[in-house]
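So you know, we letter chains A, B, ... as the sequences are listed, proteins then strands, and number each from 1.
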Amino acid sequence: MSPFEVAGPSSSTGPNSTSKVAAQFIGMGFPKEMDQAKPYSVGRNVSTEPSSSAFESNMYNISDDDSSLTSEESMDDLSGKDMPWTLLVEMGYDAQEVSIAIDKLGPDVEMTELIDHICAARLEKELQNQTTEPPLLDHEITQNENCFPFEKKRRHFERHSEARKREGHSKAIEKKHIVDGGDDQVLHLPNPMIGYGVPDNPWRKLERKLPDSANAPPYFYYENVALAPKGVWGTISRFLYDVEPEFVDSVYFSAAARKRGYVHNLPITNRFSLLPAPPLTIQDAFPLLRKWWPKWDERTKLNCVLTKPASAKLTEKIRTHLEAYGGDEPPLFVKKYILEQCRKWNLVWVGKNRVAPLDPDEIELLLGFPKGHSRGGGTSVSSRYTAVGNSFQVDTVAYHLSVLKRLFPNGMNVLSLFSGIGGAEVALHRLGIGLKNVVSVEICEVNRNIMRSWWEQTNQQGSLVEAADVEQVTGERIEQWIGVFGGFDLVIGGSPCSNLSGSNRVSRNGLEGDQSSLFFHYYRVLNHVKSVMGEQG
DNA sequence: AGAAACATGAGCAACTCA
DNA sequence: TGAGTTGCTCATGTTTCT
């Protein structure tokens with residue numbers, strides 16, 4: 001199927017859609033298309049002739065309802081073993097060694113354990129071979145590391161911790177907190193959480209040395225929650241070419257906190273902020289609320305925006321508590337309870353004795369989107385909360401992406417995975433960076449509609465290609481896009497955090513979770529883009 | 001049927017204090 | 001230094017409402 005055909009009905013957006021689509025993905029026999037002996041090598045010819053339809057319209061759609069993918073039989077055939085097997089082979093691991101590992105550890109073993117087992121087996125084999133084979137040449141080592149990032153994890157983190165010691169950070173930066181454990185690799189959350197610097201504190205680091213495998217086109221930028229379960233950021237970093245995450249709290253860019261980790265290979269010097277400067281306190285962001293804000297609520301910043309509003313029952317309860325004391329200040333225990341709830345639910349004072357959750361317009365303002373960005377067009381209020389709550393903080397991301405403006409004065413080709421409501425695109429647009437061709441991959445139809453409306457309203461001159469499901473962004477499609485567009489300048493996205501978030505009490509399964517395991521598709525797609533563009537030179 | 005409302009802690013790190 | 005306390009978190013599953 002041509003990547004430029006018009007979309008059919010959108011795919012399912014329900015909670016179970018991921019596993020269902022994953023099953024379809026396996027059913028289509030995708031791994032067989034890959035050259036398993038040489039991970040991510042591209043054997044087929046890439047057409048450089050643009051599809052004729054590609055030039056007839058500046059907006060294309062891609063349907064995921066390929067008839068070859070809907071075989072009930074192939075769905076039934078799936079065993080628990082197939083899913084990790086397929087994904088690992090997709091990532092470039094040898095089919096045989098994956099099978100051996102699954103046989104040994106069982107079908108229900110976690111992916112990270114499987115990978116560790118495979119790596120351990122390789123190391124063991126390597127050690128055995130060292131007695132009979134000559135040592136690898138430098139270029140052979142580099143090639144090997146490019147294909148299998150796990151194998152050099154220990155060496156890298158050992159080197160890195162040594163380098164950190166030599167650098168001798170300031171006292172504030174030295175006060176770090178371990179967020180990753182296990183083995184001998186350690187990742188830290190900086191305190192303050194300012195990454196390589198924020199507008200008011202940009203001094204931290206002038207330049208950094210990227211691993212060779214990360215120091216090649218395209219630029220990539222990956223985002224997720226900073227406070228993920230132990231080991232998650234170590235895994236993400238190892239897959240993304242051993243690039244150390246940059247942890248930043250958007251509280252330095254906004255009136256609301258948003259602690260996130262970003263793994264990227266962008267330059268870190270000469271960053272600049274979006275204008276106009278965003279309000280940095282609740283009172284500046286919402287001046288009309290000052291009138292009702294009690295002195296005993298000393299908050300000037302909000303916590304991380306949520307995807308669901310507080311219940312009316314809670315705000316009523318708070319009003320009733322306060323009214324019981326007439327106009328007097330309530331006793332300490334009442335104030336304490338109310339402040340707890342205000343912090344937990346990000347409540348603001350909207351009237352006498354009245355608190356309320358932020359409305360979606362206010363959340364958009366805090367996140368740096370234009371007012372009403374997600375409003376209307378069939379979007380329900382609850383789905384709007386979900387959409388904006390899952391998005392980038394635009395000012396933060398734009399600060400990191402600002403270095404691209406001088407590098408791409410004529411605009412960029414962008415592959416945007418897990419686009420959501422278009423935080424990355426809005427950030428680039430607000431930076432004044434032209435969007436030449438954007439491939440936007442987003443499972444949720446509501447979000448795609450919001451993104452498309454924004455694209456049309458802002459009179460973008462480039463082309464928008466929409467795809468629903470990252471699992472169906474096949475190597476073939478990637479190659480076609482690269483053939484038509486001449487490559488991607490940036491691969492950007494933040495994969496689902498639902499299985500990583502501390503708010504999730506039910507299925508906080510880390511990167512093994514149904515949703516958050518989609519990170520591995522970010523890696524798969526990025527790695528394929530790198531391979532194809534690398535071959536093109 | 002779909003949207004909205006409601007009830008539901010765990011996990012981790014920062015902080016406090018003896 | 002270590003035990004105890006405090007605070008925060010891109011949420012999920014079920015029930016109720018429209």
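The residue among Ala312(A) and Ser501(A) whose nearest nucleotide of DNA chain B is located toward the 5' end is Ala312(A).
For dC8(C), neither phosphate oxygen OP1 nor OP2 lies less than 4.0 angstrom from any side-chain nitrogen or oxygen of Ser503(A). Considering only side-chain N and O atoms, Asn504(A) lies nowhere under 4.0 angstrom from the phosphate OP1 or OP2 of dA10(B). OP1 and OP2 of dT12(C) both lie 4.0 Å or more from every side-chain N or O belonging to Lys308(A). Between Ser311(A) and dA5(B), a side-chain N or O to OP1/OP2 separation shorter than 4.0 Å is absent. When the side-chain nitrogen and oxygen atoms of Ser382(A) are compared with OP1 and OP2 of dA4(B), one or more of them lie within a distance under 4.0 Å. Note on Ser498(A): every side-chain N or O is 4.0 Å or more away from OP1 and OP2 of dA11(C). Of the side-chain N and O atoms in Arg508(A), none sit less than 4.0 angstrom from OP1 or OP2 of dA11(C).
A side-chain donor-acceptor contact under 3.5 Å links Tyr241(A) and Asn527(A). Using a 3.5 Å distance cut-off with no hydrogens or angles, the side chains of His429(A) and Gln460(A) do pair a donor with an acceptor.
Here dG9(B) sits opposite no nucleotide as a Watson-Crick or G-U wobble pair (both hydrogen-bonding atom distances under 3.5 Å).
A cation-pi arrangement is absent between Lys530(A) and Phe220(A), since the terminal nitrogen or guanidinium carbon is not both under 6.0 Å from the aromatic centre and inside a 45° cone about the axis.
One C1' atom belongs to dG7(C), the other to dG9(B), and the distance between them is 14 Å to the nearest Å.
Arg260(A) comes within 4.0 angstrom of a nucleotide base, judged by non-hydrogen atoms across all strands. Using a 4.0 Å heavy-atom criterion, one finds that Gly494(A) contacts the bases of the nucleic acid, with or without backbone contacts as well. Residue contacts shown for Glu340(A) are absent, as no nucleic acid heavy atom lies under 4.0 Å away. Cys497(A) comes within 4.0 angstrom of a nucleotide base, judged by non-hydrogen atoms across all strands. Residue contacts for Val388(A): at a heavy-atom cut-off of 4.0 Å it reaches no nucleic acid atom on any strand shown. Using a 4.0 Å heavy-atom cutoff across all strands shown, Ser516(A) reaches no nucleic acid atom at all.
Atom P of nucleotide dT9(C) and atom CG of Asn499(A) are separated by 19 Å, given to the nearest angstrom. The CG atom of Leu189(A) sits 13 Å away from the P atom of dT9(C) (whole-angstrom rounding). Counting to the nearest Å, the P atom of dC10(C) and the CG atom of Asn303(A) are 10 Å from each other. In this entry the distance linking CG of Asn346(A) with P of dG7(C) reads 15 Å, nearest Å. Here the C1' atom of nucleotide dA11(C) and the CG atom of Leu306(A) are 10 Å apart, to the nearest Å. Residue Ile236(A) contributes atom CD1, which lies 13 Å from atom P of dC10(C) at whole-angstrom precision. For the pair Leu500(A) CG and dA10(B) C1', the computed distance is 15 Å after rounding to whole Å. A straight line from NZ of Lys317(A) to P of dA7(B) spans 9 Å, rounded to a whole angstrom.
Under the 3.5 Å distance criterion, the side-chain polar atoms of Gln393(A) are matched with a main-chain donor or acceptor of Leu366(A). Of the possible donor and acceptor atoms, one in the side chain of Asn413(A) sits under 3.5 Å from a partner among the backbone N and O of Asn437(A).
Here dA7(B) is the nucleotide among dC12(B), dC10(C), dA7(B) with the atom lying nearest to any side-chain atom of Lys313(A). With dC10(C), dC8(C), dC15(B) as the candidates, the nucleotide lying closest to the side chain of Thr307(A) is dC10(C). The nucleotide whose nearest atom lies closest to any side-chain atom of Lys259(A) is, among dC8(C), dA11(C), dA3(B), dC8(C).
Side-chain atoms of Arg258(A) and base atoms of dC10(C) include a donor and an acceptor less than 3.5 Å apart.
The aromatic rings of Phe519(A) and Tyr522(A) lie parallel to each other, their planes meeting at an angle below 30°, with 60° marking the opposite boundary.
Results of the side-chain contact (heavy atoms from CB on, under 4.5 Å) test with Leu518(A) over Asn499(A), Leu511(A), Val470(A), Leu417(A) single out Val470(A) as the only residue that passes.
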